[in-house]
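A short worksheet on the structure shown next.
We use all heavy atoms of the structure for the numbers below, so side chains are in, but hydrogens, waters and symmetry mates are not. Starting from 1, each residue takes its place in the sequence as its number.
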Amino acid sequence: MNTWNIIVEGFNKAEVTKHESIFSLGNGAMGMRANFEEDYTGDTLQGSYIGGVYYPDKTRVGWWKNGYPEYFAKVLNAPSWIGLHIKIDGELLDLNTCLEVKNFRRQLNMKEGWYERSFTATLPNGVEIAVKVVRLLLLRYDEIGALRYEISPLNAHTSIEIESYLDSGIKNNDANWDEHFWNTLEIYSENNCATILAETKKTAFKVQTFMENHLFIEGKELNISGKENRKENYIGLCYNLEVKKNDVFCIEKFGGYLRDEMENIPPTPLQRGNVGTEKNMPFERNFSPITYSALADFLERGNVAMEKVRDAQALTFEGLLEMQKEDWAAIWETSDIVIEGDEKAQQGIRFNIFQLNQTYQGKYAHLNIGPKGFTGEKYGGSTYWDTEAYCLPFYMATKGAEIARNLLLYRYKQLPQAIENAQKLGFTGGAALYPMVTMNGEECHNEWEITFEEIHRNGAIAFAIYNYTRYTGDESYLKEYGMEVLIAIARFWAQRVNFSEEKKQYVILGVTGPNEYENNVNNNFYTNYLASWCLSYAATMALKYKSEKQWVTIKELKEWSDIVEHMYLPYSEKYDVYLQQDGFLDKDLKPVSAIPTGERPLNQHWSWDRILRSPYIKQADTLQGFYFFEERFTKEQLQKHYEFYEPFTVHESSLSPCVHSVLASALGKTEEAYALYLRTARLDLDDYNKEVHEGLHITSMAGTWLSIVEGFAGMRVKNGTLTFTPRLPKQWKRLSFKVIFRGEVKEVII
């Protein structure tokens with residue numbers, strides 16, 4: 001097993017979509033699935049995505065009620081720039097129709113940030129060719145990607161007809177009504193370069209997709225121009241060549257996206273630069289036509305790194321590849337985790353770290369981390385509470401406080417929308433309910449039990465502020481921005497509780513906890529505990545910084561204190577554990593081991609009614625509280641709760657195994673923690689849930705990092721100091737990694 005590379009050999013049509021996900025590329029601003037550049041008529045999920053570009057698809061429900069979200073946001077499948085129509089002696093290259101495909105190989109080089117595919121194919125006309133493709137998306141100039149496509153005829157001299165194209169006539173696989181989401185505004189081509197300017201419907205995001213082609217035979221560049229093939233939503237440049245047997249024909253294609261400035265969104269460096277003002281420019285505002293070179297034009301407009309732009313070598317495919325290697329080397333310097341003695345675990349964690357870095361680089365405060373990143377359309381590409389609960393620690397420790405701060409600023413800038421969301425539900429006085437699912441701060445999920453009831457996401461956002469301050473020691477964010485968020489969240493919780501005369505305590509009714517296999521329950525322990533903590537933390541910080549601003553009134557502080565003191569937490573004297581919610585013990589408490597193997601996963605075999613009545617837990621719920629607030633409970637309490645709830649947990653959320661792994665490590669259950677770690681680390685590589693074809697589980701990958709750093713290494717912050725309680729699996733000889741803690745890089749070796 002190669003721990004720096006993901007390699008798959010052999011062509012299996014049934015696994016094409018799965019491998020399109022696994023071999024996806026991204027650079028934090030855009031990404032794409034590993035679709036074939038040439039035509040493919042088999043099963044495929046075409047996918048290229050641009051960060052922050054989305055469509056407000058009308059919510060599709062059978063009825064409408066007040067407070068429902070008006071739309072379900074989805075990341076858009078962007079205009080494609082990688083496409084090549086290839087004919088060999090008049091026969092279209094299509095691996096689905098080839099007589100034979102041999103030596104098929106995919107390789108994802110995680111150390112250097114590039115993807116390679118190669119194969120030998122016999123076409124229906126009997127011509128045999130060898131193909132090798134290398135593709136990358138630049139980190140340094142994140143508007144730009146590049147690919148090199150090589151073809152060598154193996155059994156005859158051949159004519160090759162190749163059309164390199166841009167296509168804005170694409171659509172989403174998950175479109176509710178099979179509709180198109182883009183309007184094509186302008187098409188332009190010149191000197192082996194072409195662009196399409198397109199605009200999203202409703203949201204009016206303008207995107208200029210570009211390409212530039214360079215052609216070679218046996219390494220010698222050809223001085224030929226492509227014949228234009230212009231259609232609606234399409235521009236192709238066609239080339240006809242004669243290629244001798246065993247000679248190598250190569251096309252190097254540079255492409256990518258220049259994004260229009262979005263309201264209240266920081267522009268990219270290139271957008272802030274100088275823009276041409278020629279009278280004949282076909283595009284208005286931030287767009288200009290291609291001049292002598294699409295790639296140089298993109299870089300020059302940003303006025304960035306001009307000394308490298310003028311270096312001709314930097315504009316070649318090899319020059320860009322060297323840039324990519326340098327930039328990934330810098331990332332791995334603080335991100336890598338080295339495991340000796342366990343290649344499966346080593347490859348798994350590197351794959352997870354690689355994908356996390358492909359998804360988010362922290363350059364833009366308007367971007368965040370979707371559960372599928374740039375690898376698929378499921379979950380709409382939106383932001384969930386996964387960012388605050390799972391992802392923040394990874395970026396904080398591997399990229400530093402500034403990058404993590406951007407994730408917090410993302411929520412601060414959306415505070416007005418969070419207040420508006422709460423107002424729609426009847427809350428007043430500046431109370432804020434952050435959305436469960438969002439693109440721009442508005443709630444955009446179409447399931448009521450998520451939108452209305454899974455309100456614990458509010459607490460995760462407050463906890464992230466606390467976690468950031470605790471880890472970085474930086475209180476400036478809290479004073480300048482975070483206090484407003486904390487107070488607004490606390491005001492929500494103060495209105496969401498109600499006082500029970502029967503219990504003489506405050507209760508929270510009608511919620512869904514992290515365990516989504518229960519809806520509309522009363523007094524979910526995690527939600528109640530989190531609400532109480534939020535009120536206490538907000539009050540404490542308000543008093544701490546009262547000399548700078550009177551954040552809350554004395555009346556509010558007294559109300560919050562009373563709620564904290566009298567919050568109801570369901571508890572079982574019999575089992576000596578907090579109950580997941582009222583009535584949990586009324587369920588038929590059979591462990592997961594009692595479920596027949598053929599009935600898993602439950603959501604694919606049981607009715608939703610049966611799931612809701614069962615005791616089975618999708619992911620950590622009560623134990624999520626023990627994970628967040630470990631220092632508030634004794635080890636004996638943790639052990640009782642873990643041993644009570646884990647046997648009922650089916651781990652049918654990708655976010656489940658990591659939390660349990662961390663807690664199992666803390667309890668000394670190292671082998672159990674290791675089994676859970678492998679499940680989260682190789683969830684996608686081994687396709688545990690048989691759903692990788694839909695995209696990767698990006699946010700749960702951060703949980704893999706937590707399983708190692710907080711689990712096996714036992715890293716904690718206590719009194720402003722890093723502490724470690726290491727418990728390595730017996731398979732591991734040595735573990736080492738680095739973390740950035742309060743501005744210093746610390747190397748940890750166990």
Side-chain angles (χ1 to χ4, degrees), residues 17-18 21-22 24 26 75 344-345 347-356 358-360 368-395 436-437 445 447 450 454 456-457 460 512-517 526 592 600-604 611 616-621 623-624 627 645-646 648-664 673-711:
T17 53
K18 178 176 85 171
S21 296
I22 290 174
S24 293
V75 63
K344 286 190 71 174
Q347 186 190 57
I349 188 59
R350 282 189 173 140
F351 180 71
N352 284 259
I353 293 170
F354 178 72
Q355 293 295 348
L356 284 164
Q358 288 202 123
T359 302
Y360 185 76
N368 208 282
I369 305 146
K372 294 293 182 187
F374 296 114
T375 70
E377 298 168 12
K378 192 175 181 182
Y379 303 118
S382 305
T383 300
Y384 285 62
W385 70 292
D386 307 14
T387 292
E388 285 75 24
Y390 298 89
C391 299
L392 179 71
F394 168 80
Y395 292 102
M436 184 65 180
V437 180
H445 199 285
E447 296 178 23
I450 303 298
E454 206 160 336
H456 64 82
R457 75 261 191 166
T512 298
N515 173 29
E516 293 170 339
Y517 283 179
Y526 173 70
V592 172
R600 298 282 303 277
L602 298 184
N603 60 15
Q604 295 180 23
I611 290 174
Y616 301 122
I617 303 169
K618 183 181 179 185
Q619 68 186 80
D621 194 307
L623 292 179
Q624 184 75 34
Y627 168 67
Y645 284 108
E646 204 285 327
F648 298 120
T649 305
V650 289
H651 299 293
E652 288 175 9
S653 164
S654 64
L655 298 172
S656 186
C658 59
V659 171
H660 288 82
S661 181
V662 172
L663 296 179
Y674 176 72
L676 289 161
Y677 161 77
L678 278 186
R679 181 165 178 170
T680 186
R682 301 193 63 87
L683 176 67
D684 292 321
L685 287 177
D686 295 340
D687 199 7
Y688 277 110
N689 295 335
K690 306 304 178 187
E691 60 183 15
V692 170
H693 61 280
E694 298 176 331
L696 304 178
H697 297 82
I698 298 298
T699 51
S700 74
M701 290 176 171
T704 308
W705 182 90
L706 292 171
S707 298
I708 293 179
V709 175
E710 294 184 0

Would Arg679 and His651 count as a side-chain contact (heavy atoms from CB on, under 4.5 Å) here? Give the steps.
CA-CA 10 Å; Arg679 181 165 178 170; His651 299 293; 3.8 Å; yes
Go through the steps to decide whether Ser700 and Tyr390 satisfy the test side-chain contact (heavy atoms from CB on, under 4.5 Å), and finish with yes or no.
CA-CA 7 Å; Ser700 74; Tyr390 298 89; over 6 Å; no
I'd like to know if the side chain of [X] reaches the main chain of [Y], judged simply by a donor and an acceptor atom lying under 3.5 Å from each other, with no hydrogens or angles considered.
| X | Y | value |
| --- | --- | --- |
| Tyr395 | Leu356 | yes |
| Asp621 | Asn515 | yes |
| Arg682 | Lys344 | yes |

Run the side-chain contact (heavy atoms from CB on, under 4.5 Å) test on Thr649 and Val592 for me, step by step, so that the C-alpha distance in whole Å, both residues' side-chain angles and the decisive distance to 0.1 Å come before the verdict.
CA-CA 7 Å; Thr649 305; Val592 172; 5.5 Å; no
Between [X] and [Y], is any pair of side-chain heavy atoms under 4.5 Å apart?
| X | Y | value |
| --- | --- | --- |
| Met701 | Trp705 | no |
| Val75 | Phe374 | no |
| Tyr645 | Ile617 | yes |
| Pro601 | Gln604 | yes |
| Thr680 | Ser707 | yes |
| Asn603 | Lys618 | no |
| Glu516 | Ile450 | yes |
| Asp386 | Leu655 | yes |

Ser21 and its side chain to side chain contact (heavy atoms under 4.5 Å, CB included) partner, picked from Asp684, Asp687, Val692:
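Exactly one candidate clears the test, Val692.
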Between [Y] and [X], do the side chains contain a donor N or O and an acceptor N or O under 3.5 Å apart?
| X | Y | value |
| --- | --- | --- |
| Ser653 | Gln619 | yes |
| His697 | Gln355 | no |
| His693 | Glu691 | no |
| Tyr627 | Glu710 | yes |

Do you know which two heavy atoms are closest between [X] and [Y], and how far apart they sit?
| X | Y | value |
| --- | --- | --- |
| Arg600 | Glu652 | NE-OE2, 2.9 Å |
| Ala620 | Pro514 | O-CB, 3.4 Å |
| Ser382 | Val437 | CB-CG1, 3.3 Å |
| Val659 | Leu623 | CG1-O, 4.2 Å |

Roughly how far apart are [X] [atom1] and [Y] [atom2], rounded to 0.5 Å?
| X | Y | atom1 | atom2 | value |
| --- | --- | --- | --- | --- |
| Glu388 | Ile369 | CD | CD1 | 8.5 Å |
| Ile698 | Tyr360 | CD1 | OH | 15.0 Å |
| Tyr384 | His445 | OH | NE2 | 4.0 Å |
| Leu678 | Leu685 | CG | CG | 11.5 Å |
| Ile611 | Tyr517 | CD1 | OH | 5.0 Å |
| Cys391 | Leu706 | SG | CG | 8.5 Å |

Please evaluate residues Asn689 and Leu683 with respect to the criterion side-chain contact (heavy atoms from CB on, under 4.5 Å), reporting the C-alpha separation (whole Å), side-chain torsions for both, the decisive distance (0.1 Å), and the verdict.
CA-CA 7 Å; Asn689 295 335; Leu683 176 67; 3.7 Å; yes
Taking the inter-plane angle between the rings of Tyr526 and Trp385 on a 0 to 90° scale, is it parallel (under 30°), tilted (30 to 60°) or perpendicular (over 60°)?
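Plane angle between 30° and 60°, so tilted.
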